[in-house]
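Below is one structure; the comments refer to it alone.
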Amino acid sequence: MISPFPRPESQKQLMQRAHALAGKTIGEVAHSLNIIVPETLKRKKGWQGQFIEACLGADSGSLSQPDFPHLKIELKTLPIDYQGKVLESTYVSVLNLTSQQLISWQQSPVYHKLQKVLWVPIARKPQQNIMLSRIATPFLWCPTPQQQQTLKMDWENAVEMVNLGKVDQLNAKIGEYLQVRPKAANAKALTSAYNQQGEKIATLPRGFYLRSHFTQQILQENLKLN
DNA sequence: AGGTGATCATTA
DNA sequence: TAATGATCACCT
């Protein structure tokens with residue numbers, strides 16, 4: 001999807017664009033930009049995220065860095081229902097299973113992506129055409145010291161398990177805010193990792209995700225401020 | 001093959 | 001019905 005806008009020059013400009021979307025349906029915004037909306041996301045899972053990127057002037061085809069590198073801001077759409085309940089977890093980045101991870105939390109892509117996030121909540125009803133989904137009020141979030149601490153612990157624990165060769169014991173039940181889940185095209189798309197004996201094994205690629213109960217908390221905190 | 005954007009769909 | 005594990009599309 002090609003963005004009709006240049007990259008925002010400032011945080012202020014980005015927020016102005018974001019707030020201009022608030023209250024509008026996907027269909028309304030897409031129509032004004034001559035963008036065709038799929039009826040369902042079944043085979044277009046990333047469409048909504050890429051659509052909002054285009055609306056805000058993010059250059060897609062991105063690297064492992066924030067969506068707006070010059071502003072150090074990461075963009076995330078947040079699917080919710082009309083009661084304000086978060087419907088899905090939020091993907092953050094891949095978990096490197098191959099190289100020995102000598103990097104620290106503060107050097108990690110997860111840390112950098114989560115320092116400042118522009119959340120764009122989008123409300124939808126089950127079975128309803130995506131065109132009718134409504135963009136709620138976007139907001140900027142920076143993790144509190146407590147949130148930072150918990151994210152750091154979750155990240156360090158996951159990375160340690162990889163470094164100890166315990167990839168096979170990594171599952172989605174681990175981690176309070178940040179969990180590790182498969183991130184692959186399908187079950188046949190394997191990558192290499194190492195077991196506790198240091199032997200090379202083939203396993204599913206994994207990614208870091210924010211649990212929905214955590215993003216729910218973030219959303220709730222923001223509502224209090226308004 | 002591995003990164004981006006995520007949601008789907010089956011299980012517990 | 002919430003969560004986990006599986007999957008879809010596009011890009012480099």
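The chains referred to below are lettered A, B, ... by the order of the sequence lines, with proteins before strands, and numbering in each begins at 1.
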- [ ] For A:Ser89, answer base if it contacts any base atom (sugar-phosphate contacts may also be present), sugar-phosphate if it contacts only those atoms, and nothing otherwise; contact means non-hydrogen atoms under 4.0 Å.
- [x]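 Answer is base: heavy atoms of A:Ser89 come under 4.0 Å of a base.
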- [ ] Using a heavy-atom cut-off of under 4.0 Å over every strand shown, decide if A:Pro205 touches base, sugar-phosphate, or nothing.
- [x]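 No contact.
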Task: Donor-acceptor pair, side chain of A:Gln216 and main chain of A:Gly84, under 3.5 angstrom - done: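 The answer is yes, because a donor-acceptor pair under 3.5 Å joins these two groups.
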Is any side-chain nitrogen or oxygen of [X] closer than 4.0 Å to OP1 or OP2 of [N]?
X	N	answer
A:Arg43	C:dA9	yes
A:Lys45	C:dC10	no
A:Thr77	B:dG5	no

- [ ] Identify the residue among A:Ile218, A:Leu223, A:Leu118, A:Val120 that makes a side-chain contact (heavy atoms from CB on, under 4.5 Å) with A:Phe139.
- [x]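 Single side-chain contact (heavy atoms from CB on, under 4.5 Å) partner of A:Phe139 among A:Ile218, A:Leu223, A:Leu118, A:Val120: A:Ile218.
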Task: Any donor-acceptor N/O pair under 3.5 Å between C:dT4 base and A:Arg206 side chain - done: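 Side chain to base: no pair below 3.5 Å.
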Open item on the list: Could you check whether the side chain of A:Tyr209 and the base of B:dA6 have a donor-acceptor pair of N or O atoms closer than 3.5 Å, going by distance alone?
Closed with: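 Looking at the base of B:dA6, it does pair with a donor or acceptor on the side chain of A:Tyr209 (distance under 3.5 Å).
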Would you mind telling me which of [options] lies closest to the side-chain atoms of [X]?
X	options	answer
A:Lys183	B:dT7, C:dG5, C:dC8	C:dC8
A:Gln50	C:dT4, B:dT4, C:dC8	B:dT4
A:Lys42	C:dT7, C:dA6, B:dA9	B:dA9
A:Val94	B:dG3, B:dA6, C:dT7	B:dG3
A:Arg211	B:dT4, C:dA6, C:dA3	C:dA3
A:Glu74	B:dT4, B:dG5, C:dG5	B:dG5
A:Ala187	B:dG5, C:dC10, C:dT7	C:dT7
A:Ser212	B:dG3, B:dT7, C:dA3	C:dA3

Task: Closest-nucleotide 5' rank along DNA chain B - winner of A:Thr191 and A:Thr40 - done: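 It is A:Thr191 whose nearest nucleotide is closer to the 5' end.
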Under 3.5 Å, is there a donor-acceptor pair linking the side chains of [X] and [Y]?
X	Y	result
A:Arg206	A:Thr203	yes
A:Gln146	A:Thr150	yes
A:Arg211	A:Thr90	no
A:Gln106	A:Lys152	no

Open item on the list: For A:Glu176, is the CD atom crowded, meaning more than 12 foreign heavy atoms sit under 6.0 Å from it?
Closed with: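 For A:Glu176, atom CD is crowded (more than 12 foreign heavy atoms under 6.0 Å).
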Task: Residues within residues 108-137 of chain A bordering DNA chain C, heavy-atom distance below 4.0 Å - done: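 Within this stretch, nothing sits under 4.0 Å of the strand.
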